[in-house]
Amino acid sequence: MERLRAPGGCPWDREQTFDSIKPYTLEETYEVLEAIDNRDWPELAGELGDLLLQVLFYAEIANEQGSFSIDDVLDRLSNKLINRHPHVFGDVKADTSAEVKRNWEALKVEERKKREPESQKDEERSILAGVSSAMPSLLEAHKLSSRAAQVGFDWPNVEGLFEKLQEETQELREHLKEFPEPGPRPQGRGVAGSGKAVIPDELQNRLEEEVGDLFFVLVNIARYLSVDPESALRKTNRKFKRRFQWMEERLQESGRIADHASMDELESLWRRAKAEERQGQGKRA
């Protein structure tokens, strides 16, 4: 990386900045997740290397401006692993993963206090501090609700969450009564934007808020069930893509495309796609 960034190195690498390579970092992270989802271990080895390259890139840029080096990154990581695992490297007792997690969160709070300016150390700090708003919204919602649950702000049981889901759904339906006639309609076919209802800004904002509330409740249900919402939705996206492409292949066999099929035919093909997939899973099992 030093050679690539040095005079006479790679022109593209020399032009990069912290901001210019951020999109690549995000892209490489998702490619790592995809390789894990696909259980493609050879591919994962390559993707982890690509992700590590991002770390080296940032560290080299920082080293050039005198901020820190890759050695500092590794030292900080090593010290964190030791300090956050006193039950391994010290004499603290933690026999379960729940105890380890409680200790971990308490140590994080103490570390944040040490990093704060002296004038802020005595001030109350939000338990939600440190949850980045730059992360994917499903992950952010999961982290926010998890932090709040640590202080007891949580539903006593999962049934309460399903009641909340029903409540939020009803609130959305109430707002839909104000939707311009003839009401919400699919926008899939025809010229993009043609026939789209003009919705008042105030109503649009309320609909967005209610849909957001629905997502937040669903994320909490996922958290309650120890399901990663980001991973769950990603798998559903892949399932939908797989089944829809199976439908397209069947239509192409008869010389047609999905645009020329009726909704009844598409629905019938979708049911067949699901049945074929389940049958295939049964054979593999």
Side-chain angles (χ1 to χ4, degrees), residues 30 33-40 136-139 141-142 158-159 161-200 203-285:
Y30 278 109
L33 299 180
E34 183 172 19
I36 294 172
D37 285 343
N38 294 337
R39 295 298 188 262
D40 190 340
S137 54
L138 286 179
L139 180 57
H142 189 274
V158 74
E159 283 305 316
L161 275 163
F162 284 115
E163 290 171 7
K164 185 64 176 175
L165 184 63
Q166 187 174 9
E167 175 189 325
E168 296 294 352
T169 302
Q170 187 56 41
E171 288 181 9
L172 177 59
R173 293 174 70 90
E174 286 297 318
H175 287 305
L176 288 179
K177 292 177 180 178
E178 303 174 37
F179 203 93
E181 293 293 341
R185 291 292 183 272
Q187 304 296 323
R189 299 198 177 194
V191 180
S194 63
K196 187 176 181 180
V198 178
I199 307 171
L203 176 59
Q204 183 67 44
N205 290 336
R206 277 183 282 156
L207 293 176
E208 183 177 315
E209 182 178 342
E210 295 300 340
V211 170
D213 289 346
L214 276 173
F215 273 120
F216 197 80
V217 176
L218 287 170
V219 167
N220 274 278
I221 290 175
R223 174 181 59 80
Y224 223 96
L225 302 176
S226 299
V227 170
D228 173 15
E230 194 77 25
S231 177
L233 182 56
R234 196 163 53 244
K235 288 178 180 177
T236 295
N237 289 342
R238 280 162 179 65
K239 179 172 64 177
F240 178 88
K241 182 178 179 181
R242 199 167 55 240
R243 291 176 178 176
F244 193 86
Q245 289 176 333
W246 185 93
M247 292 166 51
E248 289 178 313
E249 289 170 4
R250 300 293 78 74
L251 287 167
Q252 287 167 7
E253 288 170 358
S254 60
R256 294 181 300 151
I257 58 176
D259 246 3
H260 297 162
S262 68
M263 188 60 223
D264 286 342
E265 186 176 9
L266 291 174
E267 180 63 30
S268 175
L269 282 168
W270 180 262
R271 287 196 295 269
R272 282 180 57 197
K274 288 174 64 176
E276 289 275 343
E277 190 170 89
R278 288 170 181 162
Q279 186 177 359
Q281 289 170 348
K283 287 179 180 178
R284 287 194 296 272

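All figures in this text were calculated on a predicted structure; none of them were measured in a lab.
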query: Would a distance-only check, ignoring hydrogens and angles, find a side-chain to backbone donor-acceptor pair under 3.5 Å from Ser268 to Asp264?
result: no
task: Taking ring pair (Phe, Tyr, Trp, His ring centres under 6.0 Å) as the test, write out the residues that go with Trp270, two or more places apart.
output: Phe240
task: Please round to the nearest 0.5 Å and tell me the distance separating atom NZ of Lys177 and atom CG of Leu203.
output: 13.5 Å
statement: Correct closest heavy-atom pair for Ile221 and Leu161 would be CG1-CB, 3.8 Å
- line: Only residue of Arg238, Arg272, Glu277, Glu248 satisfying side-chain contact (heavy atoms from CB on, under 4.5 Å) with Arg243 is Glu277
message: Could you tell me if Arg223 and Asn220 have a donor-acceptor pair between their side chains, going purely by distance under 3.5 Å?
response: yes
task: For atom CZ of Phe216, decide whether the heavy atoms of other residues, nucleotides or ligands shown that lie under 6.0 angstrom number more than 12.
output: yes
field: Between CG on residue Leu172 and CG on residue Leu207, distance to nearest 0.5 Å
entry: 6.5 Å
query: Going from CG on Asp213 to CD on Glu168, what distance comes out if it is rounded to the nearest 0.5 angstrom?
result: 4.5 Å
query: In terms of side-chain geometry, is the basic nitrogen of Glu265 or Arg256 positioned less than 4.0 Å from the acidic oxygen of its partner?
result: yes
message: What verdict does the side chain to side chain contact (heavy atoms under 4.5 Å, CB included) test give for Glu209 and Asn205, after you've listed the backbone C-alpha separation in whole Å, the side-chain angles of each residue and the deciding distance to 0.1 Å?
response: CA-CA 6 Å; Glu209 182 178 342; Asn205 290 336; over 6 Å; no
query: For Gln204 and Glu208, does a side-chain donor sit closer than 3.5 Å to a side-chain acceptor?
result: no
query: Between Ser231 and Val227, is there a donor-acceptor pair closer than 3.5 Å when you use the side chain of the first and the backbone of the second?
result: no
task: Check whether more than 12 heavy atoms from other residues, nucleotides or ligands sit under 6.0 Å from atom CD of Gln166, and answer yes or no.
output: no
message: Which heavy atom of Leu266 sits nearest to which heavy atom of Met247, and what is that distance?
response: O-CE, 3.5 Å
